[in-house]
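Worksheet: the structure to be examined is printed underneath.
Chain letters run A, B, ... following the sequence lines, proteins first, then strands; residues in each count from 1. Treat the numbers as computed from the prediction; the structure is a model and nothing was measured.
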Amino acid sequence: MSRAWKKVRRGAAPALLTLALCGCGSSQIVDRISLVQTAGYDRQEGKIVTSMLIGEYTEQDKTKVKLLETDSYNSFDMVPLLNRQTNKPIEYGQMKLMLFGKAYAEHGISHVLKMLSRDVKVQNRCLLAVADTSARETMAATADSDDTLFLTNMIEQNSRTAELPGKNLQEVMYGYYGEGRDFYLPYITMNSHRRPQAGGIALFKEDRLVAVAKGAEMLYLKLLSEKTRAGMLLVPLEAKGGSDQYLLLRILNSRPSWTLRTGGPAPSFKIALHMTVGIKSISDSIKIEDVSQAAQMERTIERFIENGLSEFIAKCQKLRIDPAGFGDYARTHRRHWDSEAFYAAYPTMKTEVRVRAKLMQSGTID
Amino acid sequence: MGNGGIDLPEQKRDSRTDILDSCKRSVDFVTTPLSTGKLEFSFSYYKTLIDEEALGHLLHALQASTQAKESGDLNSLLAHAPMDGIELDPDPQRVRKLIFKGYLLAYPGKDAEGECALIPLPAKKGLRSSNETDMEFSVVGPKIGFIEDLDTNIHLLRAQLNTPDLLLKEIVVGSVSRSRVAMLYIDGIANDENVAKMEKRLRDIDFDVVFDTSQLDQIIADNSRTPFPLFTTTERRDRVVYALITGQVAVISEGSPYFITGPSTLFDFFLSPEDYFLPWVLGSFFRMIRIFGVIFSLFASSFYVALMTYHYEVIPKELLGRLIYSRENVPFAPFLEVLFLEITVEFLREAGARLPSRIGQSLGIVGGVILGQAAVEASLTSNILIIIVSLSALTSFVTPIYKMSNAIRFLRFPIILLAAVWGSLGIAIGVCFLLVHLSKLRSLGYPYTVPFFPVRAKDLKDSLVRSSYSVTGSRPSYLKPASMRRYKPKAERRANDFDEE
């Protein structure tokens with residue numbers, strides 16, 4: 001056998017093997033699959049209803065939104081059941097939002113969380129949220145928006161510009177498995193026109209929904225747990241002339257700094273909040289014309305936020321949930337932190353909240 | 001020296017008469033008699049190789065002299081010939097060689113075995129006179145290129161390098177063409193070892209006809225199993241001069257407008273003379289654009305294949321709808337779709353290169369605009385892919401050296417195939433193979449990827465970026481030049497004359 005022939009054979013073997021491997025590859029050509037972008041779990045009369053939004057891109061710049069749903073007695077066979085209804089195989093690698101109905105969330109979402117985190121196809125950046133009524137209904141309400149990601153975009157833009165915390169799978173898993181904290185998710189309600197809106201924060205204990213923080217509490221949770229540059233707060237001012245007077249505050253910059261005073265059996269925290277605020281709008285009758293008036297206004301704002309924060313912490317203590325992560329802070333600042341002892345003493349934990357607000361000169365004050 | 005059984009005429013130990021007889025078999029080889037009073041002389045030459053006008057001058061001068069004086073021998077006759085470089089009594093080998101270079105053999109009587117002389121009357125017909133660079137065009141800077149005449153080319157080089165250190169060695173290559181191959185280098189700059197290596201490789205060549213210097217490039221290359229050019233091929237004078245002053249050796253063969261210079265590195269193919277004529281900030285920017293363009297050209301369509309076939313997960317959600325919509329009715333898998341378009345582009349390029357430029361233009365319109373539009377409307381390809389493929393075809397032409405852009409366009413196809421088989425893993429495998437291959441390549445024994453592998457930190461100042469002239473005063477060290485210093489940069493003058501009163 002000639003040397004050249006040997007060379008050909010040596011080269012041909014890998015080439016043939018490569019061709020053979022082509023057959024093994026599982027290709028998912030992007031226009032030959034059904035892409036799930038939003039999915040939901042609901043609990044209805046003992047059954048589990050799963051639903052998903054699939055986009056059909058047959059028109060330029062417009063997505064036809066298709067809602068599929070099925071019911072089952074478990075949370076695991078969602079994809080195979082729904083796959084029976086589609087003309088293209090369902091793929092969920094582009095899933096951006098997993099929505100839980102309120103009833104479902106109250107029963108616990110841990111097995112779904114574990115299922116999602118185990119599946120490599122599910123993006124870590126997939127958002128999770130709780131729907132006030134049912135996930136199916138909330139998703140159906142977005143069907144005429146020509147956007148399968150309407151809810152995702154809504155949550156994302158609100159968490160960027162307002163108080164709503166966007167929580168993706170990675171962050172939720174951290175909150176779920178992390179010691180000394182409970183996780184929370186955006187809470188989507190339906191308004192009177194049957195339109196979904198960001199309505200609050202769903203507070204979880206372990207994996208069960210226990211309460212919903214609404215209105216100003218959303219901002220308080222945000223102020224408490226992270227640095228922020230966004231958020232609005234309506235501060236009622238003392239009525240002089242009898243009618244209600246308001247001040248719409250805009251948080252320009254806020255930075256919480258926590259101090260653990262005593263870590264032991266009766267923990268105590270000091271929370272200092274340094275913030276820069278601007279006045280977005282204010283009732284006409286109130287005038288801020290000189291420095292002393294501005295200082296007085298700052299005091300009023302500080303008192304209001306301090307009260308609000310304290311009340312919110314007290315509410316959490318009563319519910320024995322720890323969304324802000326007091327336990328985690330104590331754990332990282334004291335040796336031999338004992339989770340059980342800490343949470344046994346949690347309802348009686350003392351917190352002192354100090355707010356330093358600096359009013360930036362804005363258009364309404366000169 | 002047996003040459004595969006073919007017995008070439010020059011290898012015979014012939015007498016001059018034998019040579020003349022073998023030449024006479026062609027009708028354009030003529031022997032004309034010239035009789036003076038006493039003696040008769042014969043002039044033998046190829047009338048297709050000599051300059052008729054010069055021959056007229058010669059005969060005129062000789063006749064004038066014979067009328068004046070009645071001397072009989074060849075020497076006294078030739079004393080009146082109005083040209084230099086006459087060779088007296090050449091040996092048969094020499095006759096055999098020079099008769100093909102436009103020389104005329106003069107001998108008394110009809111016997112060429114006795115005293116004789118070779119008179120140079122070379123004709124330079126059929127050579128183009130325009131020497132503008134048309135392949136390697138530049139907007140700023142000189143546009144002097146080389147032509148198919150060796151002596152003109154060397155004249156062009158000498159005109160710019162006015163130093164006795166510019167040395168020229170001539171080697172004859174080609175058993176049939178007997179082409180003169182000139183090797184140029186600057187003594188005291190080029191490494192002697194490089195010069196010796198290049199000379200040895202050129203002398204070792206056994207080849208029949210040298211059409212172009214780029215053939216020599218392939219014959220003397222360190223590795224013939226690579227799509228990458230291992231020597232820089234250029235038709236620009238400024239490039240060759242720059243290569244010479246950095247310590248490279250330049251080679252050109254007769255009848256070719258292209259020089260090859262070496263040892264070359266990968267980055268030599270991405271630098272354009274313009275980089276040095278523009279301010280260094282702009283020069284560096286354009287060089288980076290070029291390198292980015294090449295990377296884009298290599299990987300754009302294979303990434304399209306990988307993303308569309310395997311990794312729909314990583315497509316940004318804003319792009320997803322558009323991508324799917326554009327592919328909605330395309331019946332082929334992304335691999336076939338890309339292959340179809342890429343091959344179309346290659347057809348267009350190849351047809352355009354073979355056609356005269358006027359037809360080529362209309363071909364570009366037919367191919368680019370009409371075919372593309374029709375392919376999208378017939379749902380054979382997605383319009384996003386048309387953008388990607390035409391961009392990557394465009395960016396493959398940003399390399400200043402045509403041979404490199406060919407290599408890049410060729411390499412796209414295996415990477416597309418790998419992407420179709422293994423997705424992004426396949427692209428990674430392709431990149432690994434490419435990097436290993438590149439780092440194994442040698443140009444005249446020097447690593448191809450220097451100054452990055454092996455790292456030569458000092459030479460990085462003229463690689464990805466073209467640094468200011470105040471920094472680049474020394475020659476690249478990887479060429480091991482005999483002297484490092486090119487020029488001595490002066491400190492910047494920052495005086496503000498406006499403020500001085």
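- When the shell of 6.0 Å around CZ of A/Arg125 is examined, it contains 12 or fewer heavy atoms from other residues, nucleotides or ligands.
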CA sep, side-chain torsions, deciding dist, call: B/Leu307, A/Val30, side chain to side chain contact (heavy atoms under 4.5 Å, CB included): CA-CA 8 Å; B/Leu307 289 193; A/Val30 73; over 6 Å; no

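- Looking at every heavy atom in both residues, B/Val330 comes nearest to A/Asp31 through O-OD2, 4.4 Å.
- B/Glu313 is linked by a salt bridge (Lys or Arg N to Asp or Glu O under 4.0 Å) to nothing, counting only residues two or more places apart in sequence or in another chain.
- A donor-acceptor pair is defined here as one N or O able to donate and one able to accept, closer than 3.5 Å; such a pair exists between the side chain of B/Tyr312 and the backbone of A/Gly93.
- Residue-environment remark: NZ (A/Lys227) stays at or below the threshold of 12 foreign heavy atoms within 6.0 Å.
- Each side chain to side chain donor-acceptor pair (under 3.5 Å) pair with one or both residues in residues 378-387 of chain B, not counting sequence neighbours, appears once here: B/Tyr304-B/Ser382, B/Glu337-B/Ser382.
- B/Lys317 NZ to A/Thr148 OG1: the interatomic distance, rounded to the nearest 0.5 Å, is 10.5 Å.
- Rounding to the nearest 0.5 angstrom, the gap separating the CG atom in A/Leu149 from the CG atom in B/Leu320 is 8.0 Å.
- With a 4.5 Å cut-off on non-hydrogen atoms, A/Asn153 touches chain B through its side chain but not through its backbone.
- Listed by chain and number, the residues in a salt bridge (Lys or Arg N to Asp or Glu O under 4.0 Å) with A/Lys102 amount to none (sequence neighbours excluded).
- B/Ile315 touches chain A through backbone and side chain together, each having a heavy atom under 4.5 Å away.
- For a heavy-atom cut-off of 4.5 Å, chain B lies close to no residue in residues 160-169 of chain A.
- More than 12 heavy-atom neighbours from other residues, nucleotides or ligands sit within 6.0 angstrom of CZ on B/Phe397.
- At a 4.5 Å heavy-atom cutoff, A/Glu56 makes no contact with chain B through either its backbone or its side chain.
- In terms of heavy atoms, B/Val314 sits closest to A/Gln94 at N-NE2, 4.4 Å.
- Counting heavy-atom pairs under 4.5 Å between each of A/Lys62, A/Met95, A/Gln123, A/Glu59 and chain B puts A/Glu59 at the top.
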Worked check of side chain to side chain contact (heavy atoms under 4.5 Å, CB included) between B/Arg327 and A/Arg32: CA-CA 9 Å; B/Arg327 250 196 69 79; A/Arg32 296 180 189 174; 3.9 Å; yes

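- Of the two parts of A/Gln28, the backbone and the side chain both hold a non-hydrogen atom closer than 4.5 Å to a non-hydrogen atom of chain B.
- The line from CD1 of B/Ile324 to OG1 of A/Thr58 is 11.0 Å long, rounded to the nearest 0.5 Å.
- In this structure, the portion of A/Lys96 lying under 4.5 Å from any heavy atom of chain B is its side chain and not its backbone.
- Heavy-atom contacts from other residues, nucleotides or ligands closer than 6.0 Å to OH of B/Tyr446 number more than 12.
- The local environment of CZ in A/Phe76 is crowded, with over 12 non-hydrogen atoms from other residues, nucleotides or ligands closer than 6.0 Å.
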